[in-house]
Amino acid sequence: MGSIEAGEHRLESIAQNIGRIREQITHYTNGRDVDLILAAKHQPLPRLVEAYRAGGTLMGHNLVDQLAEATAGLHAQKIRPFTSVIGHVQSNKLSAAMRWADRIDTVDSFKTAQRIDRRQEARVASGEASGPYPMLLQLNSSGAATQFGCHPEDFVELARTVSALPFVRIAGVMTIGARGTEADIRSSFVLTRRLAEEIRNLPGLDDAGVLSMGMSNDMRIAIEEGSTVVRVGTAIFGTRPAQ
Ligand SMILES: *Cc1c(COP(=O)(O)O)cnc(C)c1O
């Protein structure tokens, strides 16, 4: 792979980078299916179009304003990625998030799930949507106070209570994972997989099989620990523009 140092990211085209990431994924999985969500934050529309054309059909946004703008821009070009929200959503933005995203991947409290449930009930009643709204439950697997996500001790109870809401559907679990040594990172992913397996034993959650973990710098470890979808930004788009 040439002279590139760990943590550096090559200035190649988005399409080449997506191809390289997919090759790495295949290498790490030995054939198991692992999806790729493009972490789209701060990327201008033409770069998202380029990524989509190179097969990046799953897009994740952190900020609801960017989600709305980018998705409207893509739809205007008849491009319809599967879009999810991968950043924390403030309650006053939930409605816009649901309008523009196919899934919210960062639900970490019953209160948020309940707000989504009520909003979806209204959307279904008005014909704007049909069926329950899909979400991932976010686990704080690192213990870092700065991270969003449900505390591991409360996680199964969160899943149990949310699964009883009629207008939401838990599709799986998302985590950011620890920073630090490989052992720290790995143990946060192991914990996440264990809890994701545990909640699948709850009534109605046997098909909540999405396990979203792994980013540019830790996707190998995440895949080794059972990730079904990685979220990659920097390794595809390069270092982000100033924020
Ligand atoms: C930005 C972001 C990513 C991607 O991180 P990179 O290191 O740029 O690959 C993944 N997940 C979330 C929640 C993010 O905010």
Side-chain angles (χ1 to χ4, degrees), residues 4-12 14-25 28 34-44 47-48 50-51 54 56-67 69-71 81-90 93 97 100-108 112 135-150 171-180 182 184-185 188-189 192 196 210-223 225 227-243:
I4 212 75
E5 303 293 324
E8 255 183 73
H9 296 287
R10 293 196 264 198
L11 293 173
E12 284 184 346
I14 288 170
Q16 282 171 312
N17 289 339
I18 289 177
R20 182 168 41 84
I21 293 292
R22 289 212 192 276
E23 275 170 26
Q24 285 172 0
I25 289 174
Y28 300 144
V34 170
D35 289 328
L36 171 62
I37 291 179
L38 308 178
K41 55 180 173 269
H42 306 298
Q43 296 303 325
R47 292 171 70 74
L48 298 182
E50 194 180 336
T57 58
L58 313 180
M59 292 187 189
H61 285 273
N62 289 69
L63 301 171
V64 175
D65 294 347
Q66 287 182 11
L67 161 77
E69 196 185 328
T71 308
F82 178 90
T83 305
S84 63
V85 179
I86 61 173
H88 183 74
V89 188
Q90 289 172 311
K93 299 271 168 121
W100 290 106
D102 300 299
R103 195 178 68 202
I104 296 178
D105 293 0
T106 53
V107 175
D108 62 3
T112 300
M135 56 173 58
L136 302 184
L137 298 181
Q138 182 178 358
L139 177 73
N140 180 346
S141 60
S142 73
T146 50
Q147 257 190 33
F148 286 106
C150 176
V173 178
M174 179 273 207
T175 199
I176 295 189
R179 301 221 169 106
E182 175 156 342
D184 294 335
I185 297 169
S188 69
F189 290 149
T192 306
V210 177
L211 185 50
S212 173
M213 57 188 197
M215 310 191 282
S216 294
N217 289 328
D218 57 17
M219 71 172 208
R220 173 182 55 80
I221 307 169
I223 290 170
E225 299 306 336
S227 170
T228 69
V229 57
V230 293
R231 309 176 305 268
V232 180
T234 312
I236 288 172
F237 296 113
T239 305
R240 278 181 278 282
Q243 299 168 21

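Worth knowing before you read on, the calculation uses all heavy atoms, side chains too, and leaves out hydrogens, waters and symmetry mates. Both ligands and their constituent atoms are indexed starting at 1 by order of listing.
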Which of the ligand 1 atoms, numbered from 1, are nearer than 4.0 Å to a heavy atom of [X]:
| X | value |
| --- | --- |
| T234 | 6 (P), 7 (O), 8 (O), 9 (O) |
| V232 | 9 (O) |
| N62 | 14 (C), 15 (O) |
| K41 | 1 (C), 2 (C), 3 (C), 14 (C), 15 (O) |
| R231 | 4 (C), 9 (O), 10 (C), 11 (N), 12 (C), 13 (C) |

Check: So, the side chain of T57 versus the backbone of P81: is there a donor-acceptor pair under 3.5 Å, distance only?
Finding: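 Such a contact is absent between T57 side chain and P81 backbone.
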Item checked: Donor-acceptor contact below 3.5 Å, side chain D184 vs main chain A178 ->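 No, D184 side chain to A178 backbone: no donor-acceptor pair under 3.5 Å.
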Next item on the list: Rounded to the nearest 0.5 Å, what's the gap from CD on Q90 to OG1 on T112? Could you check?
Entry: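 Output value for this atom pair is 11.0 Å.
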Check: Using 4.0 Å as the upper bound for N to carboxylate O, is an ion pair formed by R103 and D105?
Finding: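 Here D105 pairs with R103 in a salt bridge, since their nearest N and O are under 4.0 Å apart.
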Notebook entry, point to check: Is the closest basic N to carboxylate O distance between E225 and R220 below 4.0 Å?
Noted result: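 No.
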Note to self: Under a 3.5 Å cutoff, is there a donor and acceptor pairing between the side chains of N140 and S142?
What the structure shows: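 The criterion, which ignores hydrogens and geometry beyond distance, is satisfied for S142 and N140.
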Checklist line | For atom 13 (C) of ligand 1, the protein heavy atom that lies nearest, with its residue and separation | finding: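 Closest protein heavy atom to atom 13 (C) of ligand 1: I86 O, 3.3 Å.
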Check: Side chain or backbone of S216 under 4.0 Å from ligand 1, or both, or neither, by non-hydrogen atoms?
Finding: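 The answer is both, backbone and side chain.
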Next item on the list: Could you pull out, from M213, Q138, M215, the option with a heavy atom nearest to atom 10 (C) of ligand 1?
Entry: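 When every heavy atom of M213, Q138, M215 is considered, M215 comes closest to atom 10 (C) of ligand 1.
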